[in-house]
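Inspection log for the structure reproduced underneath, given as structure tokens.
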Amino acid sequence: MTNPHTSALSEAGVSIWLDDLSRHRLESGELASLVETVNVVGVTTNPTIFANAIGGGDGYGERLKDAAARGLDTDAAIVELTTADVADACDLLADVYASTGGRDGRVSIEVEPGLARDTAGTATQAQDLWARVDRPNAMIKIPATVEGLDAITETIAAGISVNVTLIFSLERYRQVINAYLAGLERARAAGIDLSTIHSVASFFVSRVDSEIDRRLREIGTPEALALTGQAGIANARLAYEVFEQSFDTERARFLVGLGANPQRPLWASTGVKDPALADTAYVTGLIAPNTVNTMPEATLRAFADHGHVPGDTITGSYLESNQVLNAIDALGVDYAEVTELLEQEGLQKFEASWSELLGTVEQALREAR
């Protein structure tokens, strides 16, 4: 029996993906249960998720001993552990993948965060991860840095499905869509079946609120305080407008006519950080067809318990959303500065998590030897 709240969300056109993965989730049946009971149809991972999973140790002991016995170094052991988790999750979601024609049943794995400013290195590792996972329902996550844009095009051109991550600004999102379409054009020229390539564009929500709200509270006027908790959703809603406009162009329609798939917006960073907001705010406020919401388990459980689906909460909100961002700008909060800072911080957080993961695995291998 599936949950009525999450079922209603799925019926409204939102694919529910879980923003977490671990060996324990796979082996305990937890992930399978979420698929069966609360409409989970995909999984996203990132360096922080794997650092927490492997650092927690649950389910990785024997695998680390085996890696040590085979003489694997730290980097090789991490790649083996993480790609094994992703491959097994892909297998678990294979039926969803088949029944949705490849739209869902997806599991994402990210290139190393240290490659975020390295176009060639990112493209090379994307192909390596794709080959190692070796499942058609995998997705390779590539950060939407300036350097990442050409890597996205190259990876799509090779017929590899991509989850573009760490998108904060509308301008960068337009560049991401262009990179995707350019990749499809190259894939077509190479004779690749465009229908086999899927992509999502991960637009971050709560982090935008956290940084802008901090600045609004520093300003401290009634006008500034009245705008807290609004920027993240307004920004994401305007991203959906960009999505609608971009895939209604002659260029995009031509490719879709040849079997290509629109690159769906994915709402990421949807766990609420401000206790003044409802714990499901970044789900209820971002409902529209052809979207994905990847949720941490706490947000997913909250929505399953008391979520509300009032219908489409995005289309028709563009004027109001523009007014919110314009009012914030008028108070002196610089949108471009905020989104650039958030990209830098996002990369730094993932690099810190990767360093933590390296240390954890290195110690575990040493102990196993």
Of Val96, Asp91, Asp95, which is the lone residue that meets side-chain contact (heavy atoms from CB on, under 4.5 Å) with Leu93?
-> Val96

side-chain contact (heavy atoms from CB on, under 4.5 Å) assessment of Ile328 paired with Tyr335 = CA-CA 8 Å; Ile328 290 168; Tyr335 176 85; over 6 Å; no

Can you list every pair that meets ring-ring contact (aromatic ring centres under 6.0 Å, His included) and has a residue in residues 121-172, with sequence neighbours left out?
-> Phe168-Phe204

Yes or no on salt bridge (Lys or Arg N to Asp or Glu O under 4.0 Å) for Arg23 and Asp58, after CA distance, side-chain angles and deciding distance?
-> CA-CA 7 Å; Arg23 181 52 43 184; Asp58 200 355; over 6 Å; no

Show your working on salt bridge (Lys or Arg N to Asp or Glu O under 4.0 Å) between Asp305 and Arg301 and close with a plain yes or no.
-> CA-CA 6 Å; Asp305 179 65; Arg301 296 282 186 200; over 6 Å; no

Ile49 with Leu347, same ILVMFWY side-chain cluster at under 4.5 Å | no

Trp354 side chain near Thr48 side chain, heavy-atom distance below 4.5 Å = no

Closest approach of Arg264 to Ser15 (non-hydrogen atoms, all atoms of both residues) | NH1-OG, 3.0 Å

Is a side-chain donor or acceptor of Thr339 paired with a backbone partner of Ser169 at a separation under 3.5 angstrom?
-> no

Taking side chain as C-beta onward, heavy atoms only, is Glu343 less than 4.5 Å from Arg172?
-> yes

Here the pair of heavy atoms bringing Ala201 nearest to Val176 is CB-CG1, 4.3 Å

When rounded to the nearest 0.5 angstrom, what is the spacing between CD1 in Ile233 and CD in Glu320?
-> 10.5 Å

Evaluation steps, side-chain hydrogen bond (donor to acceptor under 3.5 Å, both in side chains), between His198 and Asn137 | CA-CA 9 Å; His198 285 257; Asn137 51 330; over 6 Å; no

Rounding to 0.5 Å, atoms CD (Gln125) and OG1 (Thr155) come to a distance of 10.5 Å

Start with the C-alpha gap between Thr315 and Asp312, add the side-chain angles, then the distance that decides, and say whether side-chain hydrogen bond (donor to acceptor under 3.5 Å, both in side chains) holds.
-> CA-CA 7 Å; Thr315 52; Asp312 183 333; 2.6 Å; yes

Tyr240 side chain reached by Pro265 side chain, heavy atoms, under 4.5 Å | yes

Would Arg70 and Glu80 pass as an ion pair if we require N to O under 4.0 Å?
-> yes

Apply side-chain contact (heavy atoms from CB on, under 4.5 Å) to Phe243 and Ile314, showing your working.
-> CA-CA 12 Å; Phe243 160 71; Ile314 297 180; over 6 Å; no

In Å and rounded to the nearest 0.5 Å, what is the CG to CD distance from Leu115 to Glu351?
-> 9.5 Å

Close side-chain approach of Ile109 and Thr82, heavy atoms under 4.5 Å = yes

Evaluate side-chain hydrogen bond (donor to acceptor under 3.5 Å, both in side chains) for Tyr282 paired with Asn293, printing each intermediate quantity in order.
-> CA-CA 9 Å; Tyr282 299 132; Asn293 195 311; over 6 Å; no

Taking the six-membered ring for Trp, are His5 and Phe303 parallel (under 30°), tilted (30 to 60°) or perpendicular (over 60°)?
-> perpendicular

Carefully, step by step, assess Glu297 and Leu18 under the rule side-chain contact (heavy atoms from CB on, under 4.5 Å).
-> CA-CA 7 Å; Glu297 187 178 6; Leu18 177 70; 4.2 Å; yes

Give a yes or no on whether a salt bridge exists between Glu211 and Arg214, defined as a side-chain N under 4.0 angstrom from a carboxylate O.
-> yes

Nearest heavy-atom contact between Thr294 and Thr44 is OG1-OG1, 2.6 Å

Looking only at non-hydrogen atoms, find the nearest pair between Ile16 and Ser10 and report the distance.
-> CD1-OG, 3.9 Å

Correct closest heavy-atom pair for Thr249 and Gln245 would be CG2-O, 3.4 Å

Rounded to the nearest 0.5 Å, what's the gap from CD on Glu147 to CG on Leu149? Could you check?
-> 8.5 Å

Would you tabulate the side-chain donor-acceptor contacts of residues 28-43 under 3.5 Å, counting partners in other chains and residues two or more places apart, or write 'none'?
{"from": "Ser28", "atom 1": "OG", "to": "His24", "atom 2": "O", "distance (Å)": "2.7"}
{"from": "Ser28", "atom 1": "OG", "to": "Glu30", "atom 2": "N", "distance (Å)": "3.2"}
{"from": "Glu30", "atom 1": "OE1", "to": "Arg25", "atom 2": "NH1", "distance (Å)": "3.0"}
{"from": "Glu30", "atom 1": "OE2", "to": "His24", "atom 2": "NE2", "distance (Å)": "3.3"}
{"from": "Thr37", "atom 1": "OG1", "to": "Ser33", "atom 2": "O", "distance (Å)": "2.7"}
{"from": "Asn39", "atom 1": "OD1", "to": "Thr6", "atom 2": "OG1", "distance (Å)": "2.7"}
{"from": "Asn39", "atom 1": "OD1", "to": "Ser7", "atom 2": "N", "distance (Å)": "3.3"}
{"from": "Asn39", "atom 1": "OD1", "to": "Ser7", "atom 2": "OG", "distance (Å)": "3.3"}

Determine the minimum heavy-atom distance between Asp73 and Ala76, stating which atoms define it.
-> OD1-N, 2.8 Å

Please examine the side chains of Leu358 and Ile78, heavy atoms only from C-beta on, and report whether any two atoms are closer than 4.5 Å.
-> yes

Got a salt bridge between Arg366 and Glu362, using NZ or NE/NH1/NH2 to carboxylate O under 4.0 Å?
-> yes

Report the C-alpha separation of Ile197 and Leu184 in whole Å, then their side-chain angles, then the decisive distance to 0.1 Å, and conclude whether the side-chain contact (heavy atoms from CB on, under 4.5 Å) test is met.
-> CA-CA 8 Å; Ile197 304 170; Leu184 290 177; 4.2 Å; yes

Tyr97: side-chain hydrogen bond (donor to acceptor under 3.5 Å, both in side chains) partners, not counting sequence neighbours | none

Within one Ile-Leu-Val-Met-Phe-Trp-Tyr cluster: Tyr318 and Phe247, side-chain cutoff 4.5 Å | yes

What distance separates Ser199 OG from Gln263 CD, expressed to the nearest 0.5 Å?
-> 3.5 Å

Rounded to the nearest 0.5 Å, what's the gap from CH2 on Trp17 to CH2 on Trp267? Could you check?
-> 13.5 Å

Residues two or more places apart in sequence or in another chain: which of them pass side chain to side chain contact (heavy atoms under 4.5 Å, CB included) with Ala53?
-> Ser22, Tyr60

Test side chain to side chain contact (heavy atoms under 4.5 Å, CB included) applied to Ala8 - qualifying residues, sequence neighbours left out = Val309

Can we say Glu154 and Arg186 salt-bridge, meaning some charged N sits less than 4.0 Å from an Asp/Glu carboxylate O?
-> no

Sidechain N-carboxylate O distance under 4.0 Å for Asp274, Arg217 = yes

Hey, are the side chains of Arg369 and Leu365 touching, using non-hydrogen atoms and a 4.5 Å cut-off?
-> yes

Would you call Lys65 and Glu367 a salt bridge, using N to O less than 4.0 angstrom?
-> no

Are the charged groups of Arg215 and Asp334 less than 4.0 angstrom apart, N to O?
-> no

Across all chains, not counting sequence neighbours, the side chain to side chain contact (heavy atoms under 4.5 Å, CB included) partners of Asp193 are Ser195, Thr196

Worked check of side-chain hydrogen bond (donor to acceptor under 3.5 Å, both in side chains) between Asn163 and Ser202 | CA-CA 7 Å; Asn163 176 341; Ser202 296; 2.7 Å; yes

